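Nothing here was measured: the structure is a model prediction, and the numbers come from that model.
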Amino acid sequence: MTSQTLREARKYEEASEKMIKQEERPDFHLSTRTGWMNDPNGFSYHNGQYHMFYQYYPYEPKWGPMHWGHAVSKDLLHWEYLPAALAPDEAYDRDGCFSGSAVTLPDGRHLLMYTGVLRERQANGEYCDMQTQCLAVGDGVDYEKYEMNPVLDKADIPEGCSVHDFRDPKMWQKEDGTYCCVVGNRPADGSGQILLYTSPDGFQWKFKSVLAANNNRFGKMWECPDFFELDGKWVLLTSPQDMLPEGFEYHNGNGTLCLIGEYDEETGTFTEEHDQAIDYGIDFYAPQTVLTPDGRRVMIGWMQNWDACNLRSPEDKWFGQMSLPRELFLKGGRLYQRPVRELDEMRRNKVEYHNVTFSDVISLNGIRGRKVDMELTLRPAEGEKLYQKFALRFAQDEKYQTAVSFRPRESVLKVDRKFSGSRRAIIHQRRSLVNSKNGELKLRVILDRFSVEVFVNDGEQVMTATMYTDQSADGISFFADGVVTMDVVKYDLMSEE
């Protein structure tokens with residue numbers, strides 16, 4: 001039975017999306033159907049297509065009582081909207097259906113697991129969110145909430161741990177047919193931890209262990225965990241709140257964290273060996289992964305940050321988009337990311353330059369646009385001393401620009417959107433320490449109307465930022481303080497011929 005709340009949301013989104021023109025959206029990044037989008041949810045492969053659900057408030061382009069939006073894709077790049085899947089319409093989730101995940105059951109049904117939120121008045125008169133884990137089962141379009149919800153509540157949390165910060169379940173099925181699930185939680189010390197639960201059938205769950213504990217090292221609460229095997233190791237992704245900066249690796253506020261190590265399945269313990277940020281730019285949070293039918297581990301994140309959510313004008317009809325899907329692999333104890341290979345199918349109109357030696361500002365014929373895939377290699381000009389700075393400027397006209405700049409002496413790469421047209425005093429710059437030898441650097445830069453994603457040294461690092469500059473600003477230029485030699489290969493990215 002579809003509730004009145006869900007029926008109203010579906011009716012509203014269907015009418016409202018007609019007010020948004022196609023060219024007002026990204027072309028190959030999933031954006032909200034209407035209103036507000038945050039975390040990716042239920043990223044899964046079901047019945048021959050990829051499903052992406054997302055945190056969703058259809059009625060305004062700002063955060064509100066959370067629904068689950070829904071879209072499907074064959075190639076991870078071109079998405080078709082389906083009706084909203086979940087609405088806050090039960091006693092246990094009336095204040096929000098928060099983030100969660102999806103798996104396909106042996107009988108072919110699609111199982112969603114999500115966090116139900118119920119705001120309760122406390123003894124001191126304040127209100128607090130009670131967070132529980134809930135299920136819904138469906139056919140890929142319509143979902144019915146499980147009559148035994150919630151399936152995990154305060155009785156299933158270790159003693160002394162928070163019932164108010166207990167959210168974002170990520171399920172997976174093991175080879176023996178049983179299920180596991182990781183959930184973000186906050187222990188008594190106020191920092192984050194990841195709890196591990198197991199189930200024989202996906203419906204009856206019990207606590208197994210504290211998989212990983214923050215111990216106040218990386219921010220506070222750990223949100224949106226994902227846990228999977230990759231290239232012989234185990235990888236834990238999570239998004240810590242309230243981080244303190246550590247050099248160029250971690251920054252203030254809401255961040256991302258990747259832990260790589262070993263997992264003992266018997267005891268349910270994870271032993272960390274390496275830690276790093278997932279994305280070093282401004283706009284990336286709460287990523288979720290899927291295993292593709294051909295065995296790739298692909299990740300998509302919310303291409304936004306809670307610290308920069310007032311970037312757009314309140315008059316805009318939509319807010320929120322997802323990152324490019326990225327294939328993950330490990331190399332030298334480090335997580336690498338590269339754009340999904342399906343993106344190569346969209347490349348058109350190749351323009352190529354080799355050994356362009358320049359200083360000051362240049363533009364190159366055939367290199368402009370806002371839907372672009374561009375590969376750059378930089379090096380000092382032969383016989384010249386090391387250059388001071390290189391910058392790539394794009395989404396550019398006489399007034400506006402966004403830039404990616406590199407200072408080889410410090411080996412620091414920076415993304416900067418302060419001249420992109422934003423009137424808000426929020427985060428507009430972020431810097432990252434990159435690996436460069438003698439000023440040599442390799443970049444792959446993907447533009448899609450309202451975003452830039454910079455893949456450094458074949459995916460060793462990524463820097464992501466959104467910018468809402470008018471689409472007429474499509475200039476691209478190059479700047480060098482000193483003398484730089486550069487190779488450029490540029491493609492337009494087009495959905496069809």
Salt-bridged, R444 to D373, with N to O below 4.0 Å? yes
Whether Y59 and H67 hold their rings parallel, tilted or perpendicular, with breakpoints at 30° and 60°: perpendicular
For E229, side chain to side chain donor-acceptor pair (under 3.5 Å) partners two or more places apart: none
Sorted by chain and number, sequence neighbours left out, side chain to side chain donor-acceptor pair (under 3.5 Å) with S432 holds for Q461
Taking atom CZ of F358 as the centre, report whether more than 12 heavy atoms of other residues, nucleotides or ligands fall under 6.0 Å from it. yes
Side chain to side chain donor-acceptor pair (under 3.5 Å) partners for N41, two or more places apart: Q55, W68, S99
Could you tell me whether the side chain of D39 reaches within less than 4.5 Å of the side chain of E223, counting heavy atoms only? no
Tell me, yes or no, whether the heavy-atom count around K490 atom NZ, taken from other residues, nucleotides or ligands under 6.0 Å, exceeds 12. yes
Between Y336 and D231, do the side chains contain a donor N or O and an acceptor N or O under 3.5 Å apart? no
Ring geometry between W36 and F319 (parallel below 30°, tilted from 30 to 60°, perpendicular above 60°): parallel
My understanding is that only one of R326, K74, R296 makes a salt bridge (charged side-chain N to carboxylate O under 4.0 Å, His left out) with E342; could you say which? R296
Show me the donor-acceptor pairs, under 3.5 Å and distance only, between side chains in residues 406-413 and residues at least two apart or in other chains.
unit_1, atom_1, unit_2, atom_2, d
R409, NH1, L386, O, 3.2
R409, NH1, Y387, O, 3.1
R409, NH2, L386, O, 3.4
S411, OG, V434, O, 2.7

Ring pair (Phe, Tyr, Trp, His ring centres under 6.0 Å) partners of Y263, counting only residues at least two apart: F227, W234
Of all residues at least two apart in sequence or in a different chain, which pass the ring pair (Phe, Tyr, Trp, His ring centres under 6.0 Å) check with H428? none
Regarding R33 and the six-membered ring of Y56, is the cationic atom NZ or CZ under 6.0 Å from the ring centre and inside 45° of its axis? no
Among side-chain atoms of E453 and H29, is any donor-acceptor pair under 3.5 angstrom? yes
